[in-house]
Number of protein chains: 2
Amino acid sequence: MTIAGRSSPTLDEVAELAGVSRATVSRVINDSPRVSPEAREAVHSAVAQLRYVPNRMARSLVTRRTDTIALVLSENNSQVFTDPFFASMVRELSARLSDTDRALVLLAARDRGEQEKVGRWVRQGHVDGVVLVSLHRDDLLPGMLRESNVPLVLLGRPLDGSDVSHVDADNAAGATTATEYLAAAGRRRIATVTGPLDMIAGVDRYAGYRHGLQAAGLPLSAELVEEGDFTEAGGARAMRALLERAPDLDAVFVASDPMAVGALRALHDAGRTVPGDVAVVGFDDAVVAATCDPPLTTVAQPLDEMTRLMVELLLRQVDGVADGPEVHVCDTRLVVRASA
Amino acid sequence: MTIAGRSSPTLDEVAELAGVSRATVSRVINDSPRVSPEAREAVHSAVAQLRYVPNRMARSLVTRRTDTIALVLSENNSQVFTDPFFASMVRELSARLSDTDRALVLLAARDRGEQEKVGRWVRQGHVDGVVLVSLHRDDLLPGMLRESNVPLVLLGRPLDGSDVSHVDADNAAGATTATEYLAAAGRRRIATVTGPLDMIAGVDRYAGYRHGLQAAGLPLSAELVEEGDFTEAGGARAMRALLERAPDLDAVFVASDPMAVGALRALHDAGRTVPGDVAVVGFDDAVVAATCDPPLTTVAQPLDEMTRLMVELLLRQVDGVADGPEVHVCDTRLVVRASA
DNA sequence: GTGGGGTGTGAGAGCGCTCTCACGGGTTCG
DNA sequence: CGAACCCGTGAGAGCGCTCTCACACCCCAC
């Protein structure tokens, strides 16, 4: 695809210039030890002189590997990008894969059409494996990818309970801890802003909240529950709704930090002090949690560990040394700051 | 890369099952008109039966096309993701490319190491072309990609003034309009929160601000200028700094909407009314501009048009029908809401 | 001096696809 | 009734690489 210009040099041209065979050049390129120093040197200088770059298509055709991994974001609103949790994950993932000399590409699949397109693209063999993130209930991709036998690992357990490798935080336990913490501090009217209830993280954190209430001997009341969408604006909106419905609430467990920041703002605007009038606990331990006002008590997920595990599970499949799907559930940790 | 399982079927197997030659199957796959209906039908059913998916590597090896375009984000802080302007662009870009049956992949290059890695990956022939976004002064990628002859289009004009296809908003003119608008409203102490001054959008909008002051016969004073980083938190921080240094300011031009939202918050916290005490104008017309309090007067960029143009310029290069680098500078438009 | 074991190298067979080219068989025209 | 033409098809070359295999060569033990 070079515009106006000689096409790129090939292995043969390098071989000819270096005065060796194609095979030897290939050995040098692939760091095989069985090459004499002289030959190696000759090849290296020929490569430099011709500015030779191996053609990945040709290489992949025979090796059946592309050395690239896809991170697929299956999310209908473009808000995922905006979530700092996601941004951190991309960074980690890309760093971990770099260690093994693999590239990371992101694919966004916002609607069914794009999901199908992404599924097809993956099945055509563009990537060695897929990390799938942000799953809603009606997502096509887990099914498509699973049945196409592409190495696959999910972030978060699959909504349909199918048997596929995944890494998850113990969302329910984390939410329970948060709720119990609020109860132990003497709060009695503990509300929650949940995540989207068609996402597993939303469901699990909500379940953990209920469990926490129960453990503390507190009743579950519908007016203390409002569904959010994991965004700051959504958190503010949900908080306003809660305040209107239940002005006597004295604590709120918010299922993500961006939403919690929104909730803090809504509380502030409503003239409530935090944690005086209302204690707030978030989820994720995003960067913003430490810098907002007041600093947010929140449930931390071991994101780095989770990312490391995902890469591990995935590469084990890619390398063909995996025996069956593997699952890791990581512990969460309550980070106590000023908001509760 | 299928784990434990028969490898995928090939063209030959389809041909055999359909009772035709490889060439005919290829014709059917590629929608050539010169195939009899019977043959076409036979091939289609064989494809369905074998669940055949063409191997892209093999195809690309001969066609020299991959039908995928990369969007490269060259940005050292992971904040780009967080910017709604960016999220909108990804959506648009991916939609426009879908129209031509091309896939979009995102590559993040945060540091020099990753930039080199991305450059290499691109040069190996994984993609047909590159859209490059968010350029800082010390970026390696424009150079690397330009000299590797990969079809390339930049969002925003290149910092080093080199001759490469790009699409940009008229940032300077937009900033001038905003500043003049504030001056025309009788504001005399007009501050600015700039973008990062190693990014062209930051530089140009700052230049436009200065030009606007000059046109209005207002002096440029250093205490009214604070550099931001295009994030909400950065905007709030910069606004606080400005208020401290110049408590008498009566307007502020903020070089991006997320920063403007932060500035609004800082102003609110400082007890200033908007637009009563301080008029605020943002830049980008992000979604949040319409929903924040008060709704933000802002400079809109024609993002959809810009994206369309980028795709157009890029595909013209990919298809080899481009004659030299092409440049488009798009007009901005002041959207007046309540904040100024 | 012969056999065995490295070690560096090259020839050559593919990987799965596309695409040119030639060919048989029908139609149309002079 | 033969030449000219189109149309559907298949044979086969080749895209740029990897990798197996065989070979030439050297070194050392017996």
Side-chain angles (χ1 to χ4, degrees), chain A residues 1-2 6-44 46-47 50-68 101 120-121 123-126 128, chain B residues 1-2 6-44 46-47 50-68 101 120-121 123-126 128:
Chain A
M1 265 307 85
T2 59
R6 315 183 347 278
S7 59
S8 4
T10 69
L11 246 201
D12 299 74
E13 302 176 39
V14 175
E16 189 172 7
L17 181 59
V20 298
S21 75
R22 225 169 47 244
T24 298
V25 178
S26 180
R27 285 189 189 97
V28 174
I29 300 291
N30 294 295
D31 273 329
S32 156
R34 323 188 141 279
V35 179
S36 68
E38 307 83 62
R40 185 180 303 278
E41 180 47 42
V43 169
H44 275 145
V47 164
L50 295 175
R51 321 198 66 244
Y52 170 72
V53 179
N55 179 321
R56 272 322 286 258
M57 299 306 139
R59 190 206 289 252
S60 293
L61 183 56
V62 26
T63 60
R64 340 239 46 174
R65 297 187 309 111
T66 61
D67 288 333
T68 112
D101 253 316
R120 220 176 309 137
W121 195 81
R123 291 173 57 173
Q124 286 175 343
H126 281 104
D128 293 344
Chain B
M1 268 305 85
T2 56
R6 316 181 349 277
S7 58
S8 3
T10 69
L11 246 200
D12 299 75
E13 301 175 40
V14 175
E16 189 173 6
L17 181 59
V20 297
S21 74
R22 224 170 45 245
T24 299
V25 177
S26 179
R27 287 191 188 96
V28 173
I29 300 292
N30 294 295
D31 273 329
S32 156
R34 321 189 142 281
V35 180
S36 68
E38 308 83 62
R40 186 179 304 277
E41 179 48 41
V43 169
H44 275 144
V47 164
L50 294 176
R51 321 197 68 243
Y52 170 72
V53 179
N55 179 322
R56 271 323 284 260
M57 300 306 140
R59 189 207 290 252
S60 293
L61 182 55
V62 26
T63 60
R64 339 240 50 185
R65 296 187 309 111
T66 61
D67 288 334
T68 111
D101 253 315
R120 220 175 308 136
W121 194 83
R123 290 173 57 173
Q124 286 175 344
H126 282 105
D128 293 343

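FYI, side chains are in, hydrogens and waters are out, and symmetry mates aren't considered; it's all heavy atoms of this structure. Just so we're on the same page: letters track the sequence lines, and every chain starts at 1.
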Length of the [atom1]-[atom2] vector between [X] and [N], whole Å:
X: Met57(B); N: dG16(C); atom1: CE; atom2: P; value: 13 Å
X: Asp12(B); N: dG14(C); atom1: CG; atom2: P; value: 13 Å
X: Arg27(B); N: dC21(C); atom1: CZ; atom2: C1'; value: 11 Å
X: Glu16(B); N: dG16(C); atom1: CD; atom2: P; value: 14 Å
X: Asp67(A); N: dC17(D); atom1: CG; atom2: P; value: 15 Å
X: His126(B); N: dC17(D); atom1: NE2; atom2: C1'; value: 13 Å
X: Asp31(A); N: dC19(D); atom1: CG; atom2: P; value: 13 Å
X: Arg65(B); N: dC15(D); atom1: CZ; atom2: P; value: 18 Å

Minimum-distance nucleotide (side-chain atoms of [X] versus [options]):
X: Ala23(B); options: dG10(D), dG10(C), dG16(D); result: dG10(D)
X: Arg64(A); options: dT9(C), dT18(C), dC15(C); result: dC15(C)
X: Arg34(B); options: dT18(C), dG8(D), dC15(D); result: dG8(D)
X: Thr63(A); options: dC17(D), dC19(D), dT9(C); result: dC19(D)
X: Asn55(B); options: dG16(C), dT9(C), dC17(D); result: dG16(C)
X: Thr24(B); options: dT18(C), dG8(C), dT9(D); result: dT9(D)
X: Pro54(A); options: dG8(D), dG8(C), dC17(D); result: dC17(D)

Does [X] use its side chain to pair, donor to acceptor, with the backbone of [Y] at less than 3.5 Å?
X: Asn30(B); Y: Ser32(B); answer: no
X: Ser60(B); Y: Arg56(B); answer: yes
X: Asp128(B); Y: Asp67(B); answer: yes
X: Thr63(A); Y: Arg59(A); answer: yes

task: Would you classify Arg56(B) as touching base, sugar-phosphate or nothing, given that sugar-phosphate means primed atoms plus P, OP1 and OP2, and contacts are heavy atoms under 4.0 Å?
output: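 If one applies the 4.0 Å heavy-atom cut-off, Arg56(B) turns out to touch nothing in the nucleic acid.
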Nearest-nucleotide 5' precedence on DNA chain D, Leu61(B) against Ser21(B):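 Closest to the 5' end, via its nearest nucleotide, is Ser21(B).
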- request: Please tell me which of Val62(B) and Glu38(B) maps to the more 5' nucleotide of DNA chain D, matching each residue to the nucleotide holding its nearest heavy atom.
  value: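 Residue closer to the 5' terminus by nearest nucleotide: Glu38(B).
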- prompt: Could a donor-acceptor pair under 3.5 angstrom be found where the side chain of Arg40(A) meets the base of dG8(C)?
  reply: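 When only heavy-atom distances are counted, Arg40(A) does not reach the base of dG8(C) through any donor-acceptor pair under 3.5 Å.
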- prompt: Going by modelled atom types, is there a donor-acceptor pair between the base of dT18(D) and the side chain of Arg22(A) at under 3.5 Å?
  reply: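 Present.
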query: Could you state the interatomic distance from CG (Leu11(B)) to OG1 (Thr24(B)), rounded to the nearest 0.5 Å?
result: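 Reported to 0.5 Å precision, the distance equals 10.5 Å.
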- request: To the nearest 0.5 Å, tell me how far Ser8(A) OG sits from Gln124(B) CD.
  value: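 Reported value, rounded in 0.5 Å steps: 11.5 Å.
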Phosphate OP1/OP2 of [N] contacted by [X] side-chain N/O (<4.0 Å):
X: Asn30(B); N: dT18(C); answer: yes
X: Ser26(B); N: dT18(C); answer: yes
X: Thr10(A); N: dG16(D); answer: no

